[in-house]
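Each chain gets a letter, A, B and so on, in the order the sequences are listed, and its residues count up from 1. All of these numbers come straight from a predicted model, not from anything done at the bench.
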Amino acid sequence: MAAPDMNTPVLECNNVSISYYTRAGEIPAVVDFNLKVMPGEAVGIVGESGCGKSTVALAVMQYMGKNGAIVGGEIKFMGRDMRTMSEEELRDIRGSRISMVYQEPMASLNPSMLIREQLNEVLIYHEGISDEEASKRSIEMLDAVRLPDPERVMDSFPHQISGGQQQRVVIAMALLSKPQLLLLDEPTTALDVTVEAGVVELIKDISKRFGTSMIYISHNLGLILETCDKIAVMYSGEAVEFGTVNQVFDEMRHPYTRGLFNSIPLPGADRYSRPLVPIRGQLPLPHERPTGCNFGPRCDHFKDGVCNVEALHMQDVAGQKGQQVRCERYLSIDWEAAKPKAVAGDGVNYGKTVLQVKNMQKYYEVHDRSLKALISGKASRFVKANEKLDFEAREAETVAIVGESGCGKSTFAKVMLGLETATGGEVILNGQEIGQISVHKRTPQMVGSMQMIFQNPFETLNPSHTVGSQISRVLRMFGVAKSKEDALEKTYKLLDMVKLPRDFAQRRPRQLSGGQKQRVGIARAFAGEAQVVVADEPVSALDVSVQAAVTGLLTDIQRERRTTMLFISHDLSVVRYLADRVVVMYLGQIMEQGNTDDIYSPPYHPYTEALLSAVPIADTSITKKHIVLEGELPSPMNPPSGCPFQTRCPRKIGSICETDLPEVKDLGNGHKIMCHLSEEDLRAMEPVIAMPSDKKKSAASKSPGRVKAALAAASIAAIPGTAPKPAAQDKPVKKAVAKKPAAKKSAAKKPAAKKPAARKAGPERLKKARGKADDLKLISGVGPKLEQTLNKLGFWHFDQIASWRKADIAIVDDELSFKGRIERDDWVKQAKALARK
Amino acid sequence: MTDTTAEQSNTPDTAKGLARFLAAFGLLRESWVGMIGLFLVSFWVLVAIFVDLLPLQDPLAQTRGAINLAMLTEDKTGVMHWMGTDDRGRDLLARLLHGSRVVLFWSTLATIVAYSVGMIMGVTAGYRGGWWDEIISFIGNVLLSFPQIVLLLVILTAFGPNSNVGIWMNTALGLDKTIVSGALIIVAITFSTAPQVARIVRGIVLDLKTRDYIAAAEVRGEGPLWIMLVELLPNARGPLIVDACLRLGYVIITIALLGFLSLGLPPPDPDWGKMISDGRQWGYNGLNMMLWPALAISSLVLGLNLLADGLREISLRD
Amino acid sequence: MLQLAGKRLVQMALIMLTVSLLLFLAFEADKYSLAGKVLGQYSTEDQRLLWLEQNGYNAPFVQRYFTWVFNAARGDFGESVQFATPVSKLLKDHLLNTAVLGGLVFTITVSIALVLGVLSGIAEGSPRDRGITVLAVITTSIPEFASATILVAIFVFWLDILPGTSPFSNGLTWADANQLVLPVMVLVIYNFGYYTRMTRASMAEVMTSQYVRTAILKGLPYKRVILRHGLRNALIAPFTVMILQLNYLLSGVIVTEVFFSYKGFGKLLYEAALFGDIFVIEACAMVAVFIAVFSQFVSDIGYTLLNPRIRFS
């Protein structure tokens with residue numbers, strides 16, 4: 001393989017246009033797309049569904065399917081236009097020099113072939129080596145992607161390993177032939193949050209360890225921030241903004257980019273300090289795009305005669321090298337005025353307790369029909385889907401139930417709604433036990449008072465019936481409407497409530513967009529004048545800009561009607577925005593519950609801590625601790641003994657965790673944690689997410705928990721990224737905390753201004769120019785650019801870095817604007833090892 | 001609660017429903033395969049409906065001395081026999097066209113009965129699950145373990161028109177012989193076809209019942225009957241319409257086949273299968289008698305199969 | 001695996017028992033009518049009663065049923081009324097003939113179907129695919145007695161190169177092999193379309209799967225993608241169905257056998273049905289059901305063996 005020339009872009013897309021041909025004619029999927037990927041660089045492409053980002057990836061692979069074609073422009077790989085390449089040349093490049101990682105690992109692996117064969121064939125066909133040699137290389141690569149027990153994985157079929165492991169196999173497969181370019185198409189979307197965190201951790205390293213350039217496609221800005229150097233934002237088939245991660249995240253120029261950022265929840269903020277602002281309107285269909293700016297009809301800064309005249313082009317942003325934007329008016333928009341304002345908290349008055357769940361248990365009986373089980377008499381055993389659930393919800397209150405797949409949240413919803421009956425304990429609604437009563441035995445009034453909003457907008461409505469008939473059916477069933485006319489009238493009112501036009505009553509579900517269907521789902525749930533509404537991930541399948549609108553609508557209706565809402569979710573950032581109380585579940589049990597503020601600040605349950613750390617955050621000013629959980633989610637069929645979390649817990653104390661189920665500790669104010677750690681240890685934890693300190697004051701005034709969070713914020717910069725150690729080791733760190741906030745503040749706000757000061761205060765004692773410099777790039781996490789910066793600061797040798805102290809790290813951090821992404825601590829460790837060699 | 005059951009289905013519009021149904025056939029225009037199928041099927045359906053109005057000979061009238069005439073020959077009375085005559089001197093064209101009515105009537109009826117039974121079995125097994133499923137599936141498996149023709153032969157010999165059951169229906173109930181045969185054929189076809197339909201419906205229902213809108217119906221306390229009939233079945237209609245076309249084709253073949261095996265409807269009504277088996281007795285001279293019904297039945301079944309193909313093609317597009 | 005086989009065997013036995021009970025109920029519940037059928041309609045009342053007495057029909061129903069099942073399990077189905085020979089001997093001869101016909105048809109059909117199905121499935125939507133699909137639809141639309149008529153018209157009466165019947169009066173010999181051509185042709189024409197369309201559907205589905213995309217984007221040669229990644233998965237479903245269809249060859253050949261007077265299983269059953277030869281019908285039905293259930297068993301086991309997702313889970 002030729003050594004990559006550092007000045008030739010690995011990939012260059014010039015004015016690429018891609019179309020699909022359907023019965024309706026040519027449909028332009030991507031128009032005028034430009035992208036340059038340099039060696040070792042990671043470029044993110046972000047956008048909502050239908051924006052054309054995946055089409056770009058397939059075009060780069062020159063794999064357009066039967067009805068797609070690249071209709072204009074050129075795609076150059078290592079300087080050669082791929083459109084002129086023969087099928088044979090393309091085959092040679094695919095899988096060896098450009099390779100791809102897909103969204104669904106299970107579907108992308110051949111179900112009937114051993115992983116060994118699927119990996120080896122890449123090397124056998126591209127490099128012509130023997131099977132044994134290929135096996136050796138494959139095992140090395142599986143090891144490199146941190147798969148435990150690579151030999152066993154090699155001899156497994158894809159379905160025999162977990163989703164996270166499958167994706168690591170796919171990544172290994174892509175890297176086997178040391179490609180120059182790796183395309184990742186939503187590689188973690190199908191994975192659970194904590195598993196995702198591990199895979200992202202791996203992806204972050206790839207370009208550094210293998211020198212591979214990457215294109216990372218995602219709808220999640222947070223993930224792009226964690227993994228990429230540059231970012232292209234796409235909207236409706238066009239790139240609308242391009243620049244380095246810092247340029248785009250800190251100084252976005254395109255109204256759509258800004259809209260996107262304003263509509264995503266950040267875990268550092270809540271609905272009062274930074275309310276979500278949805279983007280109004282809908283994504284235009286490809287053949288209905290407007291003249292001029294595609295975003296025009298949805299843009300608050302739209303100006304007739306400017307934005308809708310002719311097709312817009314990307315233009316360089318003045319004063320920002322490399323940043324480009326597709327907007328005619330980017331210089332004339334007053335962003336300060338357009339910024340979302342903080343709103344005053346309206347201080348919800350919670351009413352009486354509506355729902356009480358006491359020691360609720362739900363077991364399923366599983367029949368094991370194997371001969372062994374029959375002989376030993378253990379033919380049936382119980383799976384504990386819910387064990388000892390214990391919490392309350394008051395009127396007008398939102399209680400979020402958070403957890404990953406298999407945590408029992410869906411089972412819990414089923415028991416609530418009477419689709420299943422509880423095995424033990426009580427569920428009390430308005431003083432009446434309902435846990436044992438199935439839905440068919442409940443009175444219409446009981447059924448009506450507990451309704452549900454479903455997850456998948458495409459399945460929530462029956463495609464055979466009109467929207468109106470589905471709502472009025474509910475109205476009639478619960479006796480809310482007495483006559484046909486009354487039902488129609490009330491249906492219209494409900495459509496008004498969810499801000500849909502009245503004529504939608506006559507429409508069929510397939511004529512509605514995902515967000516609109518979800519609104520109808522909300523209308524239906526509230527139609528029976530429900531007292532408790534269970535919302536099962538109601539926005540997770542929607543695009544981010546639509547999510548904000550639906551979330552806002554849902555909470556507004558709920559507050560107005562003083563309904564109790566149980567909000568089931570895996571997404572801690574959404575939950576922060578709308579929940580008053582949070583219940584964190586893992587493998588059927590409640591690990592922690594408390595008021596929202598208490599959950600998001602220490603003391604945490606170790607699982608909550610890991611979950612929080614796994615949330616990707618799209619904000620460069622926020623720093624967070626990286627906790628990557630070992631291992632996979634255990635199956636609820638076969639839960640671990642003792643504490644359910646003990647197999648993955650980074651703070652495990654010892655054998656007590658394996659043998660005894662922990663007691664629930666009440667830390668006051670309804671904050672309960674089920675853990676063996678002592679209360680002091682729990683209280684000594686540091687916050688996972690640290691907001692920039694200028695938010696400190698407002699946060700401090702709100703709750704005591706926030707003060708702690710803000711105070712500790714700076715300390716994260718000092719020791720970012722350490723895998724949590726037993727609490728005893730955390731204590732000394734706390735002392736150093738309080739000193740720094742001032743420095744942090746200015747660093748976060750204006751890194752440029754801080755530079756001279758930082759250099760002066762630089763670690764003089766470490767500056768010993770001597771001999772040949774070490775190749776700092778060998779430290780995983782340091783790329784060519786970072787190496788330059790480090791050199792500028794006077795760091796040339798491993799031993800210098802090896803002797804960094806906390807203060808030094810803080811200074812380096814101020815200098816590098818990649819805070820929160822790179823683990824300096826890890827650098828020190830690596831440097832120590834490298835220095836020894 | 002029962003008073004509201006009909007509401008959801010009929011409030012909007014029956015007229016619009018019909019319009020949508022026709023629109024589906026309008027879409028067929030985009031599939032030439034489907035159009036050919038539609039043409040063939042409509043041809044036979046129209047013939048079956050209006051055959052009495054056509055200027056044809058009496059299909060049962062036997063012309064003396066005009067046995068096994070070749071096509072396009074006149075008999076001694078000067079009557080033109082476009083397709084010739086059969087072994088009893090009956091006009092083949094008239095018999096063939098009148099035969100379409102017999103074939104389409106009994107096969108459609110049999111398909112409707114078999115389909116209704118199959119859908120009820122399938123939707124119950126799929127939605128109810130548990131013991132319902134076990135029992136229905138077992139019955140289905142038992143019936144399906146008989147190869148279809150074997151099952152037909154067994155049923156028609158054990159309970160056919162000449163068995164005690166058949167004779168009882170004929171004498172005690174005073175039913176016409178044709179009706180007895182027809183009814184028995186319908187029963188036999190139901191036994192052999194309904195389990196296949198049930199299996200398909202069950203598969204679709206198992207898939208559909210995991211949808212959120214079914215959960216939504218359960219959560220608002222709908223009964224199983226409502227869920228099966230109003231929430232599930234309408235959404236299964238796409239694949240079922242396609243399958244029904246194919247199934248009707250099979251049933252037509254089956255009925256003709258029973259006629260060919262002399263187990264079908266009693267003479268003298270024209271039955272395409274029987275016409276072929278009659279012709280077979282005459283060797284070369286019977287060829288005329290065999291070819292026309294062979295072509296007729298093939299074209300009708302081909303029409304149905306092409307129609308099903310076209311419908312499937314357009315249903316996959318959206 | 002063993003467990004699955006065991007479970008299936010139990011199911012098989014259960015179905016066979018149910019079928020036998022149904023058959024017994026249908027044909028022998030009314031023993032007087034049975035005696036009438038066996039002895040002919042001109043037998044006297046006394047003769048019938050005597051026959052019932054002599055053949056143990058006065059025993060209770062349950063006992064009679066179990067005796068019958070027991071005998072059937074040993075292959076003893078009694079004596080044919082029509083031919084006055086043991087049913088088992090008749091069955092053996094006719095089954096052998098049908099096996100020859102069926103085996104030939106199965107081999108030819110499967111070969112044609114696999115080739116056409118794969119060719120059509122890997123190029124979904126192409127003119128080749130459309131051509132093959134339409135051909136398959138047309139041939140499956142022509143029932144056997146219709147295609148037999150047309151083929152006889154062409155090859156027997158017009159070209160006069162093949163015999164119009166296949167009685168094999170001298171037994172199955174090479175000299176008479178041309179008698180097999182028309183029946184085989186008729187059955188192949190009727191059957192290959194169904195197999196072809198199934199193979200096509202399965203192949204087309206696999207070709208649009210993500211793992212085939214992965215294989216292509218791994219840069220594997222097209223041949224490798226088709227043969228190793230595509231076919232292996234695409235053939236699982238057609239294989240299962242083809243095995244399931246084995247039992248069709250036993251009974252589906254009835255029409256063809258009758259049409260060409262081929263002395264096979266189907267003709268035996270058909271003539272027994274016309275004659276009212278109860279014991280032969282019972283035996284034929286039991287054999288047909290046994291073969292159907294057994295092929296279902298083989299197909300289930302085969303599916304499990306071919307599909308690693310089920311084999312190792």
With chain C, which of [options] has the greatest number of heavy-atom pairs at distances under 4.5 Å?
options               : value
A:M113, A:M61, A:M106 : A:M113
A:M173, A:Q62, A:M100 : A:M173
A:R94, A:E87, A:H126  : A:R94

About how many Å separate CG of C:N307 and OG of A:S112, when rounded to the nearest 0.5 Å?
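With rounding to 0.5 Å, OG (A:S112) is 7.5 Å from CG (C:N307).
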For the NZ atom of C:K218 and the CG atom of A:L119, what is their distance to the nearest 0.5 Å?
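With rounding to 0.5 Å, NZ (C:K218) is 7.0 Å from CG (A:L119).
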Part of [X] within contact of chain C (heavy atom distance under 4.5 Å):
X      : value
A:Q118 : both
A:E104 : both
A:D92  : neither

How far apart are the closest heavy atoms of A:N110 and C:Y211, and which atoms are they?
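Here A:N110 and C:Y211 meet closest at N-CB, 3.6 Å.
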Nearest heavy atoms of A:Y63 and C:L217, plus distance in Å
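Heavy-atom minimum between the residues: CB-CD2, 3.7 Å.
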Side chain from CB out, backbone as N, CA, C, O: work out which of these in C:I216 comes under 4.5 Å of a heavy atom of chain A, or both, or neither.
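Both backbone and side chain of C:I216 come within 4.5 Å of chain A.
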When you measure from the side chain of A:R91 to the backbone of C:G219, do you find a donor-acceptor pair of N or O atoms at a distance under 3.5 Å?
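Confirmed, A:R91 side chain pairs with C:G219 backbone.
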Under the 3.5 angstrom rule, does the side chain of C:T214 hit a backbone N or O of A:S108 as a donor-acceptor pair?
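It does hold such a pair.
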Does this structure show an ion pair linking A:E121 with C:R228, if we count only N-O contacts that are shorter than 4.0 Å?
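Salt bridge flag = no for C:R228 with A:E121.
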State plainly whether the residues C:R224 and A:E117 are in salt-bridge range, i.e. N to O under 4.0 Å.
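Judged by the 4.0 Å cut-off on N to carboxylate O distance, C:R224 and A:E117 do form a salt bridge.
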Any chance [atom1] of [X] has more than 12 other-residue heavy atoms, nucleotides or ligands included, within less than 6.0 Å?
X      : atom1 : result
C:F294 : CZ    : no
C:Q210 : CD    : yes
C:F66  : CZ    : no

Taking it one step at a time, do C:R213 and A:Y102 satisfy side chain to side chain contact (heavy atoms under 4.5 Å, CB included)?
CA-CA 10 Å; C:R213 184 182 70 181; A:Y102 315 87; 3.1 Å; yes
